[in-house]
Structure formats: C-alpha cells, structure tokens
2 protein chains.
Amino acid sequence: MLNTATPITAPTLVRAMAANAAPVSTVDTTAHERASQHVADTLKLLSDQLALQRRVAHAGDVIYQAGERFSHLYILNAGFFKIVNLSPDGREQLVGLKFRGDWLGFDGIANGQYACDAVAMDTGEIWSVRYDALLAACAVRPQLLQVLHAAMSREIARDRDSLMSVCTLPADARVADFLRYWAESLAKRGLRADQITLRMTRAEIGNYLGMTLETVSRALSKLVREEVIVFLDKGRREVHIPDVGALSVFVQRCIAPAVTLQ
Amino acid sequence: MLNTATPITAPTLVRAMAANAAPVSTVDTTAHERASQHVADTLKLLSDQLALQRRVAHAGDVIYQAGERFSHLYILNAGFFKIVNLSPDGREQLVGLKFRGDWLGFDGIANGQYACDAVAMDTGEIWSVRYDALLAACAVRPQLLQVLHAAMSREIARDRDSLMSVCTLPADARVADFLRYWAESLAKRGLRADQITLRMTRAEIGNYLGMTLETVSRALSKLVREEVIVFLDKGRREVHIPDVGALSVFVQRCIAPAVTLQ
DNA sequence: CGCCACTTTGAATTAGCTCAAATTCCGTGG
DNA sequence: CCACGGAATTTGAGCTAATTCAAAGTGGCG
C-alpha cells in the first residue's frame, strides 16, 4: 500500500480506438447486441435532444482537471479513460476507469468545479454537453433525466464496490477481481470480454488497487502460473481470460480460510 | 486489513438525537448558523414542494436493505447512519457514514433495487420521498433538481476521497483523517466540531477504514499520547479535538519520509 | 543499435495482522 | 446497592503479507 512512490501521470501508448469500440462477432450475438444497443440508445437520446460537441481524444489528453470551473458533462463514445483524484498534499489516486457509455464530470456539480482529473488512456471519442443545456433538455424529455440519474447511481455503487475490494480482499484477489470487473464491463458494453488490453502500467494498476507495482506484477504472474489468465503478447499487456468464472474462483480461494489439507 | 473477522452489524447504544442535532452556541455563531441554515433551506425546499413522510429511527433500525425494491430516497433530518455494502460471498463493508442533511438511497436508482443496507446508529429523524414524486416536483421547481444533483455529486466526490484515504495513507493517518473528516462534516452542518461521540465500535471503524479493530485502538491510543485528541469519558467514545489542524499535521507527519533526526 | 521506461524476480524489512490475555464498561437482576 | 456476565477495548508478542530495495531482463522507439 501507500502509493506515494511511483507517479501515475505518464501517458500510455496510443492504440486504435477501433480496438475498444469493436463489437463482438461470435456465436452469442444477441446478448452482445442488446448490451451494445443500450449504450447506442442512450447516445442517440442525447444527440436527438441536445447540441453535443464531439471530439477525439488521444492518450494523455486531459478532458478536465481538478479545480477547473465546472460547465460540461462528458459521455464517452469510445476509448478508455482514467479518473485521478489529487489531495492538497500531493498524493494522487486513480479512483475510476471509464469506458464507452460512461459519463464523466459528476464530481463537479456540487462545488462548481471538478474535483479530479479525467485523462484519456488511448484514442477515443468524447461527447460533451453543457450541464445547463442538459437540464433544460431533461425538462422536455424526462427519460433523459432517468438516464442521467442512472449513470450517477451506477457511479456511486461502483465506487463503493471499489472501496469494498480494497478493504476486504488480499492483494492477489484484488488484482483478480479487477480483471473480473474489467471483463464484466466490456461484456456489458457488448465488447469481447475474454481479452483485455491493459492500457495502464503496473504502477497505475497498483495505485488503483492500493498496492505497489511489484505486488501487481507478482499477482499477475501467479494468475498466469495458475492458468487463470494468459498473456498473448511479449509485452504482457494483452490478457486473455479463458474463463471469467475462474477469476471469481481464484478470489474466493484467496479469502477462504487456509484449507487444512487432510 | 481484511475485514472478514469481526461482524459490524451489531446495533449500538441509543442516544438522545438532540446530541447530534443541537446547534453550537459559541462565539462564532454566524458561520455555524449559515451552515445550519443551508441544510434547513434544503429541507424546507423539499417539504414545501412534496409530501414528505417523516419517521423517527432508533439505533439498529434498517432504513432500506440491499436487494429491496427501490422506490424512495431518504433525507436525514437528524441522527447518524451507516451504509453497509454486502458482497455475494458474505463480506460486509461499511462504505459510508451519513449525517443530517445527507441523502440516502441513490444507489438504488440504476438497478431498481438498493445496493446496500442503510442502518441507523442512534435515534434520528428521516424524511422519505417517493423518487417519482421527487422527479415530478423537480419539473416544477428546477432548484430542487440542483439540490438533488449536488447531493449525488458530493457523494461521488466523498466516495473517491475515501478510496484515496484507504489507498494512500498508513493506518494511523487513516484514523486521524477519519476524525478530521468527521469534525469537518459536523462543522459544515453547524454543529460543534471539537467533540465527537463515536457511535461505532472499534470494529466498525476498522471495517470502514480497512484495518483491524486492534489497529484502530492502537492508533487512537497514539493520538491520545501525542495529545492530538482527548477522551472525555471512561468509555473512550467521546473524543475531544482541541485543534482540528493538529489532526492534519499528524496525517502529514505519518506520510512524511522518515525524518533523519540529526 | 542503443536508450529508456517498464516489468519481473529475489531478498530483506516492516506495517499491520492474528492470537492471547487482562481490563473496563455497562446493563441486568438479585 | 452491589454482584455478575457479556461485550468492547486495550495492550503485548509473534507472525505474515506486502512493502522496500536492488538487480536483471525485456520491449518499443528514435
């Protein structure tokens, strides 16, 4: 624990955003198409009702920064982004990862200024909407308000799950659970969930999970050793997950009271 | 770390809710009255526009439970409540503490059912409002929507701060920061901030902060030894904080690179 | 080809955990 | 009023998971 050591601000590699946005083309298309459709519906609802501004972001681009005056909310149409919290004394903490369909900027509503940084981890497309314009549109289209609230609600629930993971799971399990959550997120968005491109360094993963980069590395090695994951590339950033269930099993084994074999 | 050991569900003592809701009567009344007024304004705005249901809750009372069908949001008028997250495998995690003016139930919006338990820690008063009625009222009174969004936004920002605290601070600093945050919360609500009644067991505090109850106890003892806090009662539940700034200094000293005295 | 950032792995250290025992507190009932 | 019992707390001692420090390996890019 104690993330103070390695800074996590360094940008990562630029990858084709197609990799993140490409829908799956496997047997079980219906489920994936449904999930993908949900995101598409939301995005359509927004663009029908509002003047959305669209822009492409590249790895390292800062969407908004802590302290900046709040005015817009952002919806991710493609790409992968991180949310970094900063403390007055200089600690930095990765508090969230965002995918297609996620909203950014809620933290700014309360105080009129954003409370953290939002940074692109690879190439992606961001739609931005003025908060006041959004509220006006919500008055006309109550369904829009539902979508907005659902997004905020999901964010709250997710943040709590993160806290629970950090507080109740040992390091190895936390890494496994992180991959499980990521795979699940991809599946929910209709993307292929058996393959994850870690667009973050070990230091960033460790910061997010409350452990050192060495511990992340050791945990990943252990997951490979136990054949729960497979690295597809020499760079060890392409994770293949043969069976997502195995990740859950691994987590359970970690928290199970040490088995007295015999 | 790893909270699995001691369960945190046991109810605590019933205390007069006046203790929590009583405004301060010291020199600096204006600031406190302003803070207190803000909460009062919000509550008035709500009751003017909506049919609020009010009820008194006692220590241990469950306001809502994970899995229960979502229908209402709750606003605390007095008292002190905890939010407990539950995992499918039985881990439980205290993910939030709520005071007067705070809202409960946002986690239920996204999935139509609450994602965690909300439990009273002492006697308090809760106002509940049907979510759909609230939305209808927001259409009439946009200011209400602002208040609602601000509450959700604050919750998101707070959850992130919690994660940062757990991930970046050593145990002693976490306990100090917890007290600092609590004192600050009281001050924001116009209550006296130099005195905190811990209506939680060491096990609950430890669960919330991601450490064992023994570590909490040792950290508190250290804070007493360093004269950052003083216990006012034999039960060691009434904490007096002579100077809130000293808590911040203590936190900084904990994370400062070990000073080579020489 | 060489540099630089990232990653892995090992070895030693330590913060925080587990286990254990003593103490205190508080409610209850005699 | 006091004795009793259970729950919570404190404190000590040893242990362990995860950290720190260190070194070697690897990959990508100019």
Nearest-Å distance, [atom1] ([X]) to [atom2] ([N])?
X       : N       : atom1 : atom2 : value
R174(B) : dA15(C) : CZ    : P     : 13 Å
R202(A) : dT8(C)  : CZ    : C1'   : 9 Å
R236(A) : dT26(D) : CZ    : C1'   : 11 Å
N207(B) : dA8(D)  : CG    : C1'   : 16 Å
R218(B) : dA13(D) : CZ    : P     : 11 Å
K234(B) : dC25(C) : NZ    : C1'   : 8 Å
I255(A) : dA17(D) : CD1   : P     : 15 Å
R237(B) : dT9(D)  : CZ    : C1'   : 10 Å

Notebook entry, point to check: At under 4.0 Å, does any side-chain N or O of S221(B) touch on OP1 or OP2 of dT11(D)?
Noted result: yes

Note to self: With a 3.5 Å cut-off and heavy atoms only, can you find an N or O donor on one side and an acceptor on the other between the side chain of E214(A) and the base of dC21(D)?
What the structure shows: yes

Item checked: Closest nucleotide among dC6(C), dT20(D), dT10(D) to the T212(A) side chain -> dT20(D)

Next item on the list: Dump the intermediate steps for salt bridge (Lys or Arg N to Asp or Glu O under 4.0 Å) on D102(A) and R189(A), then the final yes or no.
Entry: CA-CA 10 Å; D102(A) 284 338; R189(A) 286 160 179 78; 2.7 Å; yes

Item checked: F80(B) and F99(B) aromatic ring geometry - parallel, tilted or perpendicular at 30°/60° bounds -> parallel

Notebook entry, point to check: Hey, does the side chain of N85(B) reach the backbone of C116(B) with a donor-acceptor pair shorter than 3.5 angstrom?
Noted result: no

Notebook entry, point to check: Any side-chain donor paired with an acceptor under 3.5 Å for T197(B) and E238(B)?
Noted result: yes

Margin query: Go nucleotide by nucleotide along DNA chain D from the 5' end; which of G235(A) and V216(B) gets its closest nucleotide reached first?
Written below: V216(B)

